[in-house]
Amino acid sequence: MGKVLIIGAGGVATVAAHKVAGNTDVFSEIMIASRTKSKCDAIVQAIGRKDIRTAQVDADSVEQLVALFNDFRPDLVMNLALPYQDLTIMEACLQTGCHYLDTANYEPKDEAHFEYSWQWAYKERFEQAGLCAILGCGFDPGVTSIYTAYAAKHHFDEMHYLDIVDCNAGDHHKAFATNFNPEINIREITQKGLYWQEGKWVETEPLEIHRPLTYPEVGVRESYLLHHEEIESLVKNYPTIRRARFWMTFGQEYLTHLRVIQNIGMASIVPIDYEGKQIVPLQFLKAVLPNPQDLGENYEGQTSIGCRIRGVKDGREKTYYVYNNCSHRAAYEETGMQGVSYTTGVPACIGARMFMLGLWNKPGVWNVEEFDPDPFMEELNKQGLPWHEIVDGDIEFNDTL
């Protein structure tokens with residue numbers, strides 16, 4: 001058993017806190033900290049456990065983080081804050097001897113660009129400190145990476161083609177809303193696409209490549225090729241992969257709103273002067289859009305996220321599709337949050353559980369696929385994200401672009 005500190009008080013942190021609080025066999029003490037302490041207190045009240053501590057901290061400040069870590073002395077810090085804050089939290093962990101886990105890789109605040117190089121650069125320092133850093137333990141990245149590791153271990157001698165497919169077939173009954181932090185969400189989908197093809201990266205225009213794909217229990221949805229961080233680590237750790245792509249569904253109404261937002265400059269991250277003050281248009285837009293944490297009550301439908309893989313096993317070609325479908329309604333009834341937050345928060349808890357049990361704990365900086373996938377896959381079925389397999393079925397689009 002061990003002490004865990006959750007940094008963040010958004011939808012993902014709320015789900016993770018509920019799940020951590022329910023895993024009493026491995027988590028002895030829990031603290032939730034964020035910039036706004038009242039949000040942490042609200043999570044604790046919703047969970048109904050008075051022994052969970054809360055604190056105020058600015059995760060941009062290494063000094064404040066170090067003071068908090070030294071006060072609480074957690075075994076593991078779960079970074080469920082913003083990707084901008086990954087490096088400050090990792091630095092504070094190194095200074096205080098705390099292990100680390102996150103769900104999304106670092107991106108600089110002034111540039112819509114994300115890759116693992118900044119965090120991988122910490123590998124030697126974590127090794128020398130005898131500390132473990134677990135990167136990308138959400139759903140995508142996270143579960144999709146574990147799915148790939150599980151497929152490599154049990155279903156393939158060589159994986160050649162990987163397509164990660166992410167469908168949100170839910171309806172929140174809002175004209176326009178994002179399912180997680182609007183600033184991060186819009187930065188992610190408005191940048192150029194990127195995929196791996198025969199040993200090199202291929203760049204596309206934003207949302208340039210799309211096609212209809214069929215999702216279990218959902219049906220056909222138009223799916224768009226995006227750049228997504230788990231591809232970067234997966235092609236490094238599984239060098240037999242010849243092509244790796246990431247696809248996400250968007251409705252036409254969503255894309256129309258997004259296009260207007262871009263055309264009028266509201267997606268910009270370049271500060272402008274407004275009545276003598278510097279403001280970032282995208283940050284202002286975030287302030288007026290619906291809060292993703294408030295979408296759950298009226299959210300209908302489900303998500304469907306998985307990996308479609310083609311490769312070779314015992315000398316013959318094989319296809320494999322592993323996926324999870326998550327009900328927004330069921331997620332809300334359990335945690336008060338919608339399915340997108342649920343599918344990220346639950347894996348974060350499972351990753352923390354893997355660490356506490358000693359199953360995922362080795363000095364250095366690691367992506368989740370570098371650990372044994374089997375105990376994690378087992379916990380997915382127990383913790384609310386059951387997975388399903390289709391072996392040698394139609395995975396629809398093993399064509400070249």
Side-chain angles (χ1 to χ4, degrees), residues 116 120 135-137 139-167 193-204 209-216 220 223-248 304-325 347 354 359-360 366-381 385-401:
Y116 276 117
W120 285 344
L135 305 185
C137 197
F139 205 106
D140 43 353
V143 174
T144 52
S145 308
I146 296 295
Y147 283 169
T148 305
Y150 184 82
K153 182 176 179 178
H154 296 284
H155 291 278
F156 292 97
D157 297 323
E158 289 188 3
M159 296 184 296
H160 295 159
Y161 300 97
L162 166 67
D163 284 285
I164 298 171
V165 292
D166 183 328
C167 170
L194 200 68
Y195 67 95
W196 181 257
Q197 177 91 19
E198 300 295 349
K200 63 181 181 180
W201 293 105
V202 181
E203 189 174 78
T204 72
I209 296 173
H210 56 94
R211 61 194 56 189
L213 299 175
T214 306
Y215 295 86
V220 178
S223 306
Y224 294 78
L225 189 148
L226 303 179
H227 168 42
H228 226 248
E229 63 244 53
E230 66 263 50
I231 297 296
E232 181 185 7
S233 66
L234 288 171
V235 298
K236 177 174 77 78
N237 290 317
Y238 298 100
T240 64
I241 294 177
R242 300 171 185 171
R243 187 187 66 222
R245 305 177 295 194
F246 181 94
W247 305 81
M248 183 174 284
S304 182
I305 313 172
C307 295
R308 303 181 183 190
I309 304 169
R310 189 175 78 183
V312 174
K313 178 69 173 179
D314 297 328
R316 71 171 189 87
E317 186 176 277
K318 180 177 183 178
T319 65
Y320 180 66
Y321 183 13
V322 55
Y323 66 93
N324 162 265
N325 280 31
M354 295 295 100
L359 300 172
W360 287 12
W366 309 98
N367 294 89
V368 293
E369 68 269 15
E370 296 178 273
F371 296 100
D372 183 6
D374 290 2
F376 191 101
M377 293 287 281
E378 183 179 347
E379 284 297 321
L380 285 169
N381 288 326
L385 293 175
W387 47 278
H388 312 277
E389 299 173 300
I390 300 174
V391 179
D392 287 330
D394 179 13
I395 56 175
E396 291 189 296
F397 55 98
N398 279 303
D399 56 309
T400 57
L401 296 176

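Just the heavy atoms: all of them, side chains too, but no hydrogens, waters or symmetry mates, feed the values below.
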Within a strict 4.5 Å, meaning less than it, do heavy atoms of the [X] and [Y] side chains meet?
X: Y161; Y: T319; result: no
X: W196; Y: W201; result: yes
X: V368; Y: W360; result: yes
X: D314; Y: D157; result: yes
X: P386; Y: L380; result: no
X: L162; Y: L234; result: yes

Test E396 against R211 for side chain to side chain contact (heavy atoms under 4.5 Å, CB included), laying out the working first.
-> CA-CA 10 Å; E396 291 189 296; R211 61 194 56 189; over 6 Å; no
Please check if the side chain of [X] supplies one atom and the backbone of [Y] the other of a donor-acceptor pair under 3.5 Å.
X: T240; Y: H160; answer: no
X: N367; Y: E369; answer: no
X: E229; Y: P141; answer: no

Angle between ring planes, [X] versus [Y], binned at 30° and 60°: parallel, tilted or perpendicular?
X: H228; Y: F246; result: parallel
X: Y320; Y: F156; result: perpendicular
X: Y116; Y: W120; result: parallel

Point-to-point distance, once rounded to the nearest 0.5 Å, from [atom1] of [X] to [atom2] of [Y]:
X: W247; Y: H210; atom1: CH2; atom2: NE2; value: 9.5 Å
X: Q197; Y: R245; atom1: CD; atom2: CZ; value: 7.5 Å
X: W366; Y: S233; atom1: CH2; atom2: OG; value: 13.0 Å
X: D394; Y: T214; atom1: CG; atom2: OG1; value: 8.0 Å
X: H155; Y: Y147; atom1: NE2; atom2: OH; value: 12.0 Å
X: L226; Y: I231; atom1: CG; atom2: CD1; value: 10.5 Å

Pair H388, N325: side-chain N/O donor-acceptor within cut-off below 3.5 Å |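 The criterion, which ignores hydrogens and geometry beyond distance, is not satisfied for N325 and H388.
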Pair E230-T144, side-chain donor/acceptor within less than 3.5 Å =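 Per modelled atom types, E230 and T144 side chains form a pair under 3.5 Å.
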Taking it one step at a time, do F371 and I146 satisfy side chain to side chain contact (heavy atoms under 4.5 Å, CB included)?
-> CA-CA 8 Å; F371 296 100; I146 296 295; 5.9 Å; no
Grab the two heavy atoms, one from [X] and one from [Y], that are nearest each other, plus how far apart they are.
X: L194; Y: T204; value: N-OG1, 4.5 Å
X: R308; Y: I395; value: NH1-O, 3.7 Å
X: Y323; Y: S304; value: CD1-OG, 4.4 Å
X: P212; Y: V220; value: CB-CG1, 3.6 Å
X: I164; Y: C307; value: CG1-SG, 4.0 Å
X: I241; Y: V235; value: CG2-CG1, 4.3 Å

Please lay out, stage by stage, how W387 and V143 fare under the test side chain to side chain contact (heavy atoms under 4.5 Å, CB included).
-> CA-CA 10 Å; W387 47 278; V143 174; over 6 Å; no
Worked verdict on K153 versus D372 for side chain to side chain contact (heavy atoms under 4.5 Å, CB included) = CA-CA 9 Å; K153 182 176 179 178; D372 183 6; 2.9 Å; yes
Only one of K313, R310, R316 clears salt bridge (Lys or Arg N to Asp or Glu O under 4.0 Å) with D392; which?
->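 Only one option passes, and that is R316.
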